[in-house]
Amino acid sequence: MAAHASTELEAPRAPRGLRHTAKRARREWTAYLFLAPGMVLFSIFTVFALGFTIYLTFHEWEIISPDKPYVGLQNYKDMIHDEKFRHGVINTFYFAGAVIPLQMLFGLGIALLLNTGLRGRVVLRTIYYLPCVTPFVVSAIVWKWFYNGDFGIFNFYLLKTGLIDAPLSFLSDKNLAMPSVIVMSVWGGIGFTMVVYLAGLQAIPEELYEAAKVDGAGPFARLRHITIPMLRPTTLFLAVVGIIFAFQQFTQIFVMTHGGPVDKTTTMLYYVYQAAFVYFDMGYASTLAFALFLVLVVFTILQLRFYRQQI
Amino acid sequence: MSATVETTRVTPQAIPAPMPRPRRFRWKWSHAAAYAILVPGALLFVAPFVWLISASFQPVGDLFSYPPHWIPQDTTLEGYKAFFGHGSTLASRANAPDGVARWFFNSVFVSSATTACQLFFNALAAYVFAKRKFPGRDLIFVAFLATMMVPANVTLIPNYIVLKHIPFMGGNDWFGLGGHGLLDSYYGLILPNAVAAFGIFLLRQYMMSIPDELLDAARIDGASEFKIFWKIILPLSRPALAAMGIFTFTYVWEDFLWPLIVISSPDRYTAPLGLALFVTKNRTSWDMLLAGSVIATLPMVLVFLVFQRNFIKGISLSGLKG
């Protein structure tokens with residue numbers, strides 16, 4: 001990355017010694033001044049913070065007690081044997097594994113239909129995008145109400161159509177809680193994948209379709225052999241961004257289930273929050289956060305590769 | 001080049017043209033099929049909003065009625081009145097006698113202040129990276145980009161501890177001990193978000209397209225570097241600044257986990273935080289809660305409808321909702 005950036009950024013740089021560099025730096029002092037706010041804040045809240053996280057993972061650090069003893073790898077050992085952590089990882093993967101493909105599939109479907117030059121397309125697009133601009137807390141409150149076992153709308157319609165005989169308690173049933181959270185999250189994210197897919201579809205040259213039509217390709221052949229392959233970079237991008245996003249979901253779990261029932265919706269991030277700010281076990285919580293970071297960093301590097309293409 | 005590069009490219013030409021160019025409209029059977037899928041789907045998508053708005057005008061008793069009403073039988077403004085602290089008659093309002101509109105204004109303040117900080121500081125850094133040549137530039141730029149590899153949720157814990165120990169703030173002494181620092185303050189919400197590497201990156205890409213001749217001409221006329229930034233760079237970057245500003249504002253408005261951790265006094269709650277804690281702790285004033293939900297959603301929807309083009313462009317360039 002560094003090498004790539006520097007070739008284009010800094011074309012005329014003759015090596016003329018340290019004194020010359022210092023002189024140039026002094027002449028361009030305002031440049032450093034303009035960068036100072038960013039440098040200060042990033043050093044504290046990102047660089048130092050990451051180092052401090054790693055430091056904390058080797059300590060027992062309770063916010064109230066003055067002793068913060070060094071415990072070596074004890075936090076890591078605890079984490080490996082922690083049943084709840086294992087559930088957290090499984091739940092996180094379960095959530096991401098369901099939400100991302102569903103969001104992408106529905107988003108692509110809607111984008112394809114909207115892209116056929118329908119009248120009223122803008123209105124429809126706006127409606128499908130609305131959940132994305134709604135504060136997630138509000139969406140979660142409304143869905144929590146819909147899922148309610150006593151007066152929720154879902155139970156009302158399911159009972160009325162005879163699909164179920166007794167009301168379901170969606171959010172407190174250990175088999176239904178996670179699927180319920182997933183459905184709500186898919187609803188909240190389709191607008192985003194749709195918009196990105198629409199932009200991707202716009203970038204496909206019309207000539208490709210014209211040529212395929214001349215060759216006698218039907219709509220499905222065109223979809224399979226032109227649209228889907230041409231959208232591959234978009235799909236990849238959405239998958240990577242989706243993973244980064246899905247691994248950090250918190251709001252709807254906090255509002256709708258509080259990680260329950262019996263930790264069935266406790267994700268990695270939710271467990272980090274609990275360990276740190278409910279049990280105040282900062283050392284162990286940092287270990288959990290660091291594990292989350294290690295999972296995420298792979299995907300973040302992939303995401304940055306998309307941006308690098310623009311540098 | 002790939003489609004992603006097309007969608008994520010930030011050039012002056014790309015920003016104002018996000019909408020698909022409509023092909024000429026012709027009625028086709030395939031359109032009927034598309035409507036048959038899209039219209040019912042759209043109804044499902046608006047249903048929660050219809051319910052929310054309708055419920056916010058219903059008396060508390062009717063909210064729990066079964067079967068549920070989509071159209072209110074009696075309309076009342078009780079929820080909205082309670083939200084703004086007028087005429088609350090119910091005993092259950094005892095813990096929020098003055099209404100909770102303050103949450104809303106806290107959100108307005110924190111989101112606006114954070115957006116203003118980001119617009120200024122991000123643009124300042126972006127200008128330097130785009131237009132200035134100085135020793136160490138590439139190294140610093142890559143370092144800035146690398147900070148994007150650390151998601152904010154990973155550093156919640158150290159940042160909480162750091163805020164608690166900022167010297168001289170919130171009753172702290174020289175060594176940052178003794179008080180609560182910047183915890184439970186607006187600064188604690190604003191400061192960690194005052195600059196964003198992604199915003200810098202986005203603006204830099206845009207500013208690179210501003211011709212150097214303009215800046216050189218201003219330098220020959222004796223303009224200071226800050227004046228060049230303020231008078232030339234900022235006005236010319238307006239479309240990119242708008243996209244970034246809208247994105248930042250909505251991001252901060254929706255942010256939940258950080259306020260949850262930092263803020264503890266109810267009068268400093270942001271709107272999402274107040275609403276969420278209301279649901280999980282205090283189950284009595286549902287009408288007020290629903291009115292508050294409508295009010296917390298309105299600014300987002302309005303910003304979206306007014307700036308739809310910028311907004312969708314911003315989202316599709318960044319892919320950064322998370």
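Labels below follow one simple rule: chain letters A, B, ... track the order of the sequence lines, proteins then strands, and each chain is numbered from 1. This structure is a prediction, so every number in the text was calculated from the model and none was measured. Basis for what follows: all heavy atoms, side chains included, without hydrogens, waters or symmetry-related copies.
- Between the CZ atom in A:Phe156 and the CG atom in A:Asp150 there is a gap of 14.5 Å [rounded to 0.5 Å].
- With a 6.0 Å cutoff to the six-membered ring centre and a 45° limit on the axis angle, B:Arg204 does not count as a cation-pi contact of B:Phe144.
- Residue contact with chain B, scored on non-hydrogen atoms closer than 4.5 Å, is absent for A:Asn148.
- Looking at B:Leu298, neither its backbone nor its side chain comes within 4.5 Å of chain A, counting heavy atoms on both sides.
- Looking at heavy atoms from C-beta onward, B:Phe226 lies out of side-chain contact with A:Thr30 at the 4.5 angstrom threshold.
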Step-by-step side-chain contact (heavy atoms from CB on, under 4.5 Å) determination, A:Met184 to A:Ser139: CA-CA 8 Å; A:Met184 180 267 170; A:Ser139 308; 3.6 Å; yes
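- For the set B:Met148, B:Lys131, B:Glu225, B:Lys164, the entry with the most heavy-atom pairs within less than 4.5 Å of chain A is B:Glu225.
- Ring planes of B:Tyr35 and B:His31: perpendicular class, angle over 60° (limits at 30 and 60°).
- Contact of A:Ile190 with chain B is made through the side chain alone, with heavy-atom distances under 4.5 Å.
- Within the 4.5 angstrom heavy-atom criterion, only side-chain atoms of A:Phe146, from C-beta onward, approach chain B.
- Of the two parts of A:Tyr197, neither the backbone nor the side chain holds a non-hydrogen atom closer than 4.5 Å to a non-hydrogen atom of chain B.
- Only the side chain of A:Phe250 comes within contact range of chain B, with at least one heavy atom under 4.5 Å from a heavy atom of that chain.
- To the nearest 0.5 Å, atom CZ of residue A:Arg125 and atom CG of residue A:Leu114 are 8.5 Å apart.
- Only the side chain of B:Leu289 has a heavy atom closer than 4.5 Å to any heavy atom of chain A.
- The choice from A:Trp143, A:Tyr128, A:Phe254, A:Phe247 that makes the most heavy-atom pairs within less than 4.5 Å of chain B is A:Tyr128.
- In terms of heavy-atom pairs under 4.5 angstrom with chain B, the leader among A:Leu292, A:Val272, A:Ile153 is A:Ile153.
- In this structure, the portions of A:Leu50 lying under 4.5 Å from any heavy atom of chain B include both its backbone and its side chain.
- Looking at A:Leu159, only its side chain comes within 4.5 Å of chain B, counting heavy atoms on both sides.
- Taking chain A as the reference chain and counting heavy-atom pairs below 4.5 Å, the highest number among B:Ala152, B:Ala276, B:Ala33 is found for B:Ala276.
- When each of A:Lys160, A:Glu28, A:His258 is scored by its heavy-atom pairs under 4.5 Å with chain B, the top score falls to A:Glu28.
- With a 4.5 angstrom heavy-atom cutoff, B:Val150 touches chain A via backbone and side-chain atoms both.
- Each of A:Ala276, A:Ala289, A:Ala49, A:Ala246 has some count of heavy-atom pairs under 4.5 Å with chain B, and the biggest count is that of A:Ala49.
- Contact count versus chain B (heavy atoms, under 4.5 Å) is highest, among A:Leu288, A:Leu269, A:Leu236, for A:Leu269.
- In this structure, chain A has heavy atoms under 4.5 Å from both the backbone and the side chain of B:Val154.
- Looking at B:Tyr127, only its side chain comes within 4.5 Å of chain A, counting heavy atoms on both sides.
- No other option in B:Gly292, B:Pro192, B:Ala146 has as many heavy-atom pairs under 4.5 Å with chain A as B:Pro192.
- B:Ala196 touches chain A through its backbone: at least one of N, CA, C or O sits under 4.5 Å from a heavy atom, while the side chain does not.
- Contacts between A:Phe106 and chain B at a heavy-atom distance below 4.5 Å are absent for every atom of the residue.
- Of the residues considered (A:Leu35, A:Leu33, A:Thr300, A:Thr46), A:Leu35 shows the highest number of contacts with chain B, using heavy-atom pairs under 4.5 Å.
- Side-chain contact check for B:Ile157 versus A:Leu56: some heavy-atom pair is nearer than 4.5 Å.
- The distance from atom NE2 of A:His20 to atom NZ of A:Lys23, rounded to the nearest 0.5 Å, is 7.5 Å.
- Annotation: maximal heavy-atom pairing with chain A below 4.5 Å, among B:Trp51, B:Phe121, B:Trp253, occurs at B:Trp51.
- Using cut-offs of 30° and 60° on the angle between ring planes, the pair B:Phe45 and A:Trp187 is tilted.
- Ring orientation note: the planes of B:Phe201 and B:Phe198 are tilted relative to one another, at an angle of 30° to 60°.
- With a 4.5 angstrom heavy-atom cutoff, A:Leu41 touches chain B only via side-chain atoms.
- Pairing each heavy atom of A:Pro131 with each of A:Gly188, the nearest pair is CB-CA, 4.0 Å.
- Between chain A and the residues B:Asn122, B:Val46, B:Leu305, B:Leu163, the most heavy-atom pairs under 4.5 angstrom are made by B:Val46.
- The environment of B:Lys227 atom NZ is sparse: at most 12 non-hydrogen atoms of other residues, nucleotides or ligands sit within 6.0 angstrom.
- B:Tyr160 pairs in a ring-ring contact (aromatic ring centres under 6.0 Å, His included) with only one of the listed residues (A:Phe277, A:Phe45, A:Phe52), which is A:Phe277.
- Relative ring orientation between B:Trp70 and A:Tyr157 is described as tilted, the plane-to-plane angle lying within the 30° to 60° band.
- A donor and an acceptor atom, one from each side chain of A:Arg121 and A:Thr116, are nowhere located under 3.5 Å apart.
- Atoms CE and CZ, from A:Met282 and A:Phe280 in turn, are 6.0 Å apart once rounded to the nearest 0.5 Å.
- For a residue to count as touching a neighbouring chain, one of its non-hydrogen atoms must lie under 4.5 Å from one of that chain's; by this rule A:Ile141 touches chain B with the side chain only.
- Both the backbone and the side chain of A:Met39 have a heavy atom closer than 4.5 Å to some heavy atom of chain B.
- Of the two parts of B:Leu139, neither the backbone nor the side chain holds a non-hydrogen atom closer than 4.5 Å to a non-hydrogen atom of chain A.
- The parts of A:Leu130 that come within reach of chain B are both its backbone and its side chain, each placing non-hydrogen atoms under 4.5 angstrom from that chain.
- With rounding to the nearest 0.5 angstrom, the OH atom of A:Tyr270 is 8.5 Å from the CD1 atom of A:Ile253.
- Both the backbone and the side chain of B:Leu38 come within contact range of chain A, each with at least one heavy atom under 4.5 Å from a heavy atom of that chain.
- Of the listed residues B:Leu273, B:Leu156, B:Ile161, the one with more heavy-atom pairs under 4.5 angstrom with chain A than any other is B:Ile161.
- Ring orientation note: the planes of B:Phe134 and A:Tyr32 are nearly perpendicular, at an angle over 60° on the 30°/60° scale.
- Within the model, atoms CG of A:Leu112 and CE of A:Met194 stand 12.0 Å from one another, a figure rounded to the nearest 0.5 Å.
- Of the two parts of A:Phe48, only the side chain, counted from C-beta on, holds a non-hydrogen atom closer than 4.5 Å to a non-hydrogen atom of chain B.
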